[in-house]
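What follows is one structure encoded as structure tokens, with my remarks underneath.
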Amino acid sequence: MTMQITIHAGFHKTGTTTLQAFLRQNRTALSKHADIYLAHDMGSLSLAGRFYGADPGPDRRKAFVVACNRFLADLRPAPHILISRESLCGKMLGDLRVDGSLITEYGDVTVTLARILSRRVQARFGPDARLRLVYTTRSPDSLLRSAWSHNLRHRRLTDSFEKFRTQFAAPPELEKTVDAVRAALPGVEVLSLPLEEIARHRLGPAGPLLEVIGVPQDELAQLAPIASRRKGQSAGLSEEILALNRTITDKAALRARKQALLLKREGIPAD
């Protein structure tokens, strides 16, 4: 049996939460087309890429290989397997590495993780297994704004957006990272799906991915769209959160205040 393994491996802030929620909700309906694996199905592999992105050295690289082998060993062979987890590309832009430095590009981290995924898939399923890597992308300015907004919520970021963006030597062009993966893995199909295009699909970001794996249009027409998930806060609320980050030094108290404010003002739950 020739297997097709499609791995949606990133990137963060490109509609992944909505995409994965759609796959989760429609897993049964889609089961004849693919066995679907999401974060909660992946064990330690779910976070291993993020940990490597935070500390891209040999120990975390080895840990990613081990987690990858463990996950793949438990997979039941099937004609088509679909895996979606954005942390398989590394840690989010605008977050911090363990040494305190700012992550301003995916670059070599994403390429290294893609190489490992390719090698481990072949080792598990044999050289005839076909691997496809899919990356959802986003325009640089929109991505930076979204990353700043996210990091405001999740850590004590005290930089304004204007200062935050000056720390990036160049705009984060995700398509260039996809090109680097493609160049590193000439025998692997590597696709990019820009958020600006896939968000317009009737089914949202998941629709084009399902088209990639071959779900027929008449079956897609029978599926219902879902509401967008994990929307960022408004610009005004971002400024209020920035002020909290600059004035509250107790970590637990700051987290509680931000969570309460997000939920009360704009209905954004803790994540």
Side-chain angles (χ1 to χ4, degrees), residues 9-17 46-61 63-64 85-116 135-181 184 192 195 230-235 237-252 254-255 257-259 262 268 270-271:
F11 293 94
H12 306 89
K13 313 310 295 178
T14 60
T16 55
T17 301
S46 179
L47 295 177
R50 180 189 300 176
F51 294 152
Y52 177 70
D55 185 16
D59 290 343
R60 286 298 185 184
R61 183 185 183 281
F64 184 82
R85 181 62 172 149
E86 66 275 14
S87 62
L88 293 175
C89 71
K91 196 177 185 185
M92 185 185 298
L93 293 178
D95 210 336
L96 302 176
R97 298 185 183 91
V98 294
D99 64 4
S101 61
L102 187 73
I103 298 172
T104 58
E105 62 179 3
Y106 287 101
D108 290 343
V109 166
T110 298
V111 173
T112 296
L113 295 177
R115 282 197 180 107
I116 294 171
Y135 295 91
T136 43
T137 63
R138 187 170 184 169
S139 64
D141 289 342
S142 176
L143 176 65
L144 267 186
R145 176 71 69 172
S146 183
W148 176 74
S149 175
H150 179 97
N151 279 282
L152 279 179
R153 297 196 304 272
H154 288 274
R155 65 181 180 90
R156 192 167 175 267
L157 175 62
T158 58
D159 294 335
S160 67
F161 177 66
E162 288 69 26
K163 183 176 180 180
F164 177 79
R165 73 186 305 171
T166 64
Q167 297 172 73
F168 291 75
E173 297 188 39
L174 299 182
E175 294 291 347
K176 288 187 176 181
T177 303
V178 177
D179 287 342
V181 172
S192 66
L195 177 61
R230 198 171 291 179
K231 291 183 177 180
Q233 70 273 10
S234 65
L237 190 52
S238 286
E239 293 302 322
E240 292 186 50
I241 293 172
L242 177 61
L244 293 178
N245 286 347
R246 288 172 169 174
T247 55
I248 300 177
T249 58
D250 181 80
K251 188 174 181 179
L254 175 61
R255 179 178 175 83
R257 283 286 300 276
K258 289 196 288 189
Q259 288 181 347
L262 286 160
I268 300 174
D271 54 14

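What's counted below: heavy atoms across the whole structure, side chains too, no hydrogens, waters or symmetry copies. In this chain, residues are counted from 1 in sequence order.
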Heavy atoms, side chains only, cut-off 4.5 Å: are T112 and Y52 in contact? yes

Which distance, rounded to the nearest 0.5 Å, do you find between the CD of Q167 and the CG of D159? 5.0 Å

Full working for side-chain contact (heavy atoms from CB on, under 4.5 Å) between T137 and E173: CA-CA 9 Å; T137 63; E173 297 188 39; over 6 Å; no

Would you say L174 and Y135 make side-chain contact, with heavy atoms under 4.5 Å? no

Closest contact, heavy atoms only, S160 versus R246: N-NH2, 3.6 Å

Please round to the nearest 0.5 Å and tell me the distance separating atom CZ of R156 and atom CD1 of I248. 9.0 Å

Can you find a side-chain donor-acceptor pair between S139 and D141 that sits under 3.5 Å? no

To the nearest 0.5 Å, what is the distance between CZ (R165) and OG1 (T104)? 14.5 Å

Under 4.5 Å between any side-chain heavy atoms of F51 and D59, yes or no? no

Here the pair of heavy atoms bringing A54 nearest to R97 is O-CB, 3.2 Å

Under 4.5 Å between any side-chain heavy atoms of K13 and S142, yes or no? no

At what distance, to the nearest 0.5 angstrom, does CG of L143 lie from CZ of F168? 8.0 Å

Give the minimum heavy-atom separation between H154 and K258, together with the two atoms involved. N-NZ, 4.3 Å

Just wondering, are more than 12 heavy atoms of other shown residues or ligands nearer than 6.0 Å to CZ in R61? no

Within the side chain of T166, is there an N or O that forms a donor-acceptor pair under 3.5 Å with the backbone of K163? yes

Are the side chain of S87 and the backbone N or O of S46 linked by a donor-acceptor pair below 3.5 Å? yes

Could you go step by step and tell me if I241 and L262 meet the side-chain contact (heavy atoms from CB on, under 4.5 Å) rule? CA-CA 9 Å; I241 293 172; L262 286 160; 3.6 Å; yes

Would you name the heavy atoms of L254 and L244 that are closest together and state the gap between them? CD1-O, 3.5 Å

Quick one: does any side-chain atom of W148 pair with a main-chain N or O of S238 as donor and acceptor, under 3.5 Å? no

For the student: nearest non-hydrogen atoms of V111 and A180, plus distance: CG2-CB, 3.8 Å

After noting the C-alpha distance and the side-chain angles of I103 and V109, does the key distance pass the side-chain contact (heavy atoms from CB on, under 4.5 Å) rule? CA-CA 11 Å; I103 298 172; V109 166; over 6 Å; no

Aromatic plane relationship, Y106 with F11 - under 30° parallel, 30 to 60° tilted, over 60° perpendicular: tilted

Taking atom CG as the centre, does D108 end up with more than 12 heavy-atom neighbours from other residues, nucleotides or ligands that are less than 6.0 angstrom away? no

Looking at CZ of R153 and CD of Q259, how far apart are the two atoms once the value is rounded to the nearest 0.5 Å? 11.0 Å

Taking A243's backbone N and O only, do any of them form a donor-acceptor pair with T247's side chain (distance below 3.5 Å, no angle check)? yes

State the OG-CG distance between S149 and L242, to the nearest 0.5 angstrom. 11.0 Å

Side chain to side chain, T158 and N245, heavy atoms closer than 4.5 Å: yes

So R155 and D95, side-chain contact (heavy atoms from CB on, under 4.5 Å) or not? Walk me through it. CA-CA 8 Å; R155 65 181 180 90; D95 210 336; 3.7 Å; yes

Considering only heavy atoms from C-beta outward, does the side chain of R138 approach that of R145 to under 4.5 Å? no

Closest heavy-atom contact between G90 and L113? N-CD1, 3.6 Å

